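What follows is a set of notes on a single structure, which appears directly below.
Values in this document were obtained by computation on a predicted structure and should not be read as measured data. Atom set for the values below is all heavy atoms of this structure, side chains included, hydrogens, waters and symmetry mates excluded.
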Amino acid sequence: MEPTPALPRGTRVLDLGARDAAVAADLRAVGLDRYLGLVDPGHLAAARRAAGDLADRLHPVPSADVATRCSTDLLILRADHARVLWTVRDLGHLRYLAVERGAGATTLEARLAVLVGRAGGRLSPLGRFVWGGRAFDLFRLPPPHGPAPRTYFSPVWGASGLATRLKEAGLRYAVLRWFETLPVIEPGEDLDVLVADDDVDALRGLLESEPGTMPVDLYSVSGLAASDYQGAAYYPPALAEQVLDRAVVHESGFLVPSPQDHLHSLAYHAVYHKGRRSGLPSHGLGAAEPAPEHDYPAELRRLAQAQGVALDPWYEDVDAYLGSVGWRPPTDALRRLSAGNAWARGLLASDDDARLGDAELAVFLVREATLAVVPAEQVEAVLDRFGFDVLLAADLDPAARERAAAALRGGNWGRGPFPRSGGDPVRMVVALHYAPEEPYDWLRERYPHLTNAETFEAKSEVRALVEQRVPAHLRFNPLHSSDSTAEAWEYLDVIAPDAVEAVRAEAERRAAQHVAPPGTVRTLSVGRRARVDVVAGADGRLVVRKTFAPPFARFLDRELTALRELGGRVAAVPPLVAAGPDWFACPCYEDTLGTARSRTGLLPLAVVREMVEVLRELHGLGYDLVDAKPGNFVLDPVHGLKVVDFEFLHRYDDDPPPFARAVGLVGPGPGFPGDVPVGDMGYDARWLAATGLPLDVLVDGSVAAQHLARARYRLRLLTVLPGAPPRRVAHRARATARHARWLATSRYTEWARRRAASGRETGAR
């Protein structure tokens with residue numbers, strides 16, 4: 001056994017269950033003097049009497065769960081606390097763990113827990129050491145998780161010592177509330193500290209310079225990472241700066257809000273952070289939770305009276321008061337806060353008041369770093385591709401930038417999950433979308449207020465452009481957007497209030513244009529660029545009418561070109577019945593392709609071959625149907641096969657590529673000059689499931705070769721392709737195994753925490 005540990009200088013040590021200062025003395029002798037010994041309360045007085053000049057390093061165990069609620073590098077577990085080892089997965093904040101060796105049932109249990117931890121890859125042995133005459137097994141843990149808003153300071157300092165250190169460091173901060181009893185901090189209480197952005201790291205470094213058990217929640221002015229509140233700033237940044245600028249010195253030595261800011265910041269916390277948990281009565285939101293941790297109504301009444309303010313501490317009345325003094329959060333911040341405060345949702349206006357029929361308004365904010373990588377016109381081209389009709393696009397002047405940065409996105413324009421920040425917003429794009437897509441489950445879970453999945457998809461496309469052009473370590477979030485029409489109006493009102501009425505009038509005009517035409521029998525689809533309706537004509541016959549949204553006239557022009565120029569030359573091209581400024585009509589065909597598919601999803605080979613011949617005929621005339629896929633054909637029992645979508649028809653100025661390399665079969669290559677649909681354009685994604693043929697066999701294979709290839713495809717479909725019965729069985733088996741592993745892990749974790757808790761309670765007695 002070695003007498004000294006292989007630990008770096010400056011390692012913080014928390015000794016849980018210490019009996020005396022012997023370990024502290026040995027560690028100090030080798031330069032490890034950042035020590036805190038937590039002694040079971042019944043032994044503390046005797047331990048301190050024998051500790052000499054190390055007595056101030058010994059303190060009572062503050063809580064049963066202190067091992068998971070502390071700040072240290074090395075946690076020493078004495079025998080009485082060894083059951084903490086069962087919850088080694090909860091110790092992700094540590095770098096090292098040392099376990100006292102000894103005899104008896106407790107030590108045997110600890111060794112078993114160590115074996116479990118080692119088997120799970122959580123504990124890597126570093127050797128056995130003797131400190132203070134006791135033997136300890138030392139382990140390295142996986143790299144600790146990153147910082148969080150909650151951290152801890154040392155009870156060796158106490159609150160008075162912390163106040164002194166903060167004053168000496170000259171940091172801009174304020175202890176926000178419940179500071180009247182300082183320097184006494186009641187058990188179970190913490191310090192909520194607002195800190196200037198420039199001082200976050202310094203304040204955290206000061207707090208964590210010693211092993212700590214006294215909790216502090218850190219909140220930076222703009223909600224920087226690990227000092228945020230639900231991903232945003234704790235208070236609107238301008239108000240947070242005001243709190244720091246006007247902070248006063250409390251008799252304890254801490255900086256605290258001025259009396260007026262104290263009233264406002266505490267009221268904000270009660271209404272927008274706590275909600276139902278504040279104990280404030282509500283006129284219409286239901287009953288508050290009983291027995292809140294603090295008496296907010298009484299405290300707000302006391303603070304208001306001291307300021308000469310008539311404030312009735314009801315939830316809605318306090319909200320109205322905060323609005324009157326400029327302390328109500330911007331609506332987008334209030335919407336964010338409502339994720340953790342259901343009562344905050346009751347303060348939001350109904351989204352119904354902002355609707356534009358079936359269309360949705362969105363505001364996209366381009367961030368500063370983006371325009372050096374993705375030009376503004378390219379950002380707008382992406383939005384156009386996803387069906388966004390741009391109503392207004394403009395660079396923001398300095399005042400608008402400042403308003404947007406302060407009032408939107410919770411005031412938090414930091415880097416988030418990216419290596420660096422994209423900066424403040426510098427350009428705004430206001431756009432209308434005519435076919436909003438319901439967010440899918442995981443997207444709704446991630447963004448609960450998002451009402452159009454296309455908004456997310458468009459932003460993802462711009463992010464992909466950044467990823468193509470920026471090294472991984474320099475990437476950033478290039479674009480922020482509103483989540484709903486209601487939020488878009490709020491954004492516009494903050495950034496460009498003078499433009500709201502003009503944008504509203506134009507948005508309402510365009511949305512009103514894009515509705516079902518008179519005589520509509522049924523709607524077939526509402527897409528990004530156009531809607532398709534079955535309409536009864538003047539003669540009573542049904543036609544299919546396709547109506548385009550205002551900015552997508554180029555797609556209408558291609559449709560009309562195809563119908564007029566190719567309708568008499570290619571049999572599969574329908575005749576044009578009628579046309580208007582933003583629409584055209586064709587005959588209404590009965591489509592039997594759906595019923596023609598086989599049980600495996602394949603279309604009849606004769607139909608597949610006919611589709612290919614249609615595309616080959618168009619190719620011979622110099623055209624490429626870029627969006628070609630089986631879904632763009634209909635099979636009428638009387639009129640035969642028809643192709644019905646020419647939005648992406650492309651005419652080659654020079655010789656077209658070989659037919660086997662047509663864009664409609666293999667997708668566009670680099671530099672393709674035409675419009676391209678959203679989604680995977682490859683052959684496998686668009687054609688394979690309907691044809692069952694490799695591309696070369698589809699294009700040039702004989703009938704016999706095609707039948708043979710389809711037979712092979714069916715065999716693979718039944719054996720190895722995704723969805724095949726063996727694959728489904730294997731998938732279910734893996735899912736069952738994952739569920740069993742999850743169930744076992746959760747049951748073990750539940751048991752381990754109960755076991756650890758029982759050990760802590762035994763140790764406390």
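- Using a cutoff of 4.0 Å between basic side-chain nitrogens and carboxylate oxygens, E180 and R302 are scored as salt-bridged.
- Evaluation of the salt bridge (Lys or Arg N to Asp or Glu O under 4.0 Å) test over residues 216-230, restricted to residues two or more places apart or in two chains, returns R150-D217.
- Taking 4.0 Å as the cut-off between side-chain N and carboxylate O, R335 and E490 count as a salt-bridged pair.
- Under the side-chain hydrogen bond (donor to acceptor under 3.5 Å, both in side chains) criterion, Y152 pairs with no residue, sequence neighbours left out.
- Checked against the 6.0 Å centroid threshold, Y268 and Y235 count as a close aromatic pair.
- Residue pairs satisfying the ring-ring contact (aromatic ring centres under 6.0 Å, His included) criterion with at least one member in residues 383-412, sequence neighbours excluded, are listed as follows: F364-F388, F388-H433.
- For E380, the salt bridge (charged side-chain N to carboxylate O under 4.0 Å, His left out) partners are R427, not counting sequence neighbours.
- Residue pairs that meet the ring-ring contact (aromatic ring centres under 6.0 Å, His included) test with at least one member in residues 391-415, sequence neighbours left out, are W413-H480.
- Residues that satisfy the side-chain hydrogen bond (donor to acceptor under 3.5 Å, both in side chains) test with E506, not counting sequence neighbours, are R509, R510.
- D245 pairs by the side-chain hydrogen bond (donor to acceptor under 3.5 Å, both in side chains) definition with R172, not counting sequence neighbours.
- Pairs passing the salt bridge (Lys or Arg N to Asp or Glu O under 4.0 Å) check and including a residue from residues 365-374, sequence neighbours excluded, do not occur.
- A search for side-chain hydrogen bond (donor to acceptor under 3.5 Å, both in side chains) contacts involving T455 returns nothing, not counting sequence neighbours.
- For the atom pair OG of S484 and NE2 of H449, the computed distance is 9.0 Å after rounding to the nearest 0.5 Å.
- For the residue pair T68/D65, the side-chain donor-acceptor check at 3.5 Å is not satisfied.
- At a cut-off of 3.5 Å, with distance as the only test, no side-chain donor of T181 or E186 sits close to an acceptor on the other residue.
- Applying the salt bridge (Lys or Arg N to Asp or Glu O under 4.0 Å) rule to pairs touching residues 404-422 yields nothing, sequence neighbours excluded.
- Annotation: side-chain contact (heavy atoms from CB on, under 4.5 Å) contacts of A225 (sequence neighbours excluded): none.
- A salt bridge is defined here as a Lys NZ or Arg NE, NH1 or NH2 lying under 4.0 Å from an Asp or Glu carboxylate O, and D190 with R69 fails to meet this definition.
- Screening residues 266-293 for salt bridge (Lys or Arg N to Asp or Glu O under 4.0 Å) gives K274-E293, R276-E289 as the qualifying pairs, with residues at least two apart or on separate chains.
- Side chains of D389 and Y434: a donor on one and an acceptor on the other come within 3.5 Å.
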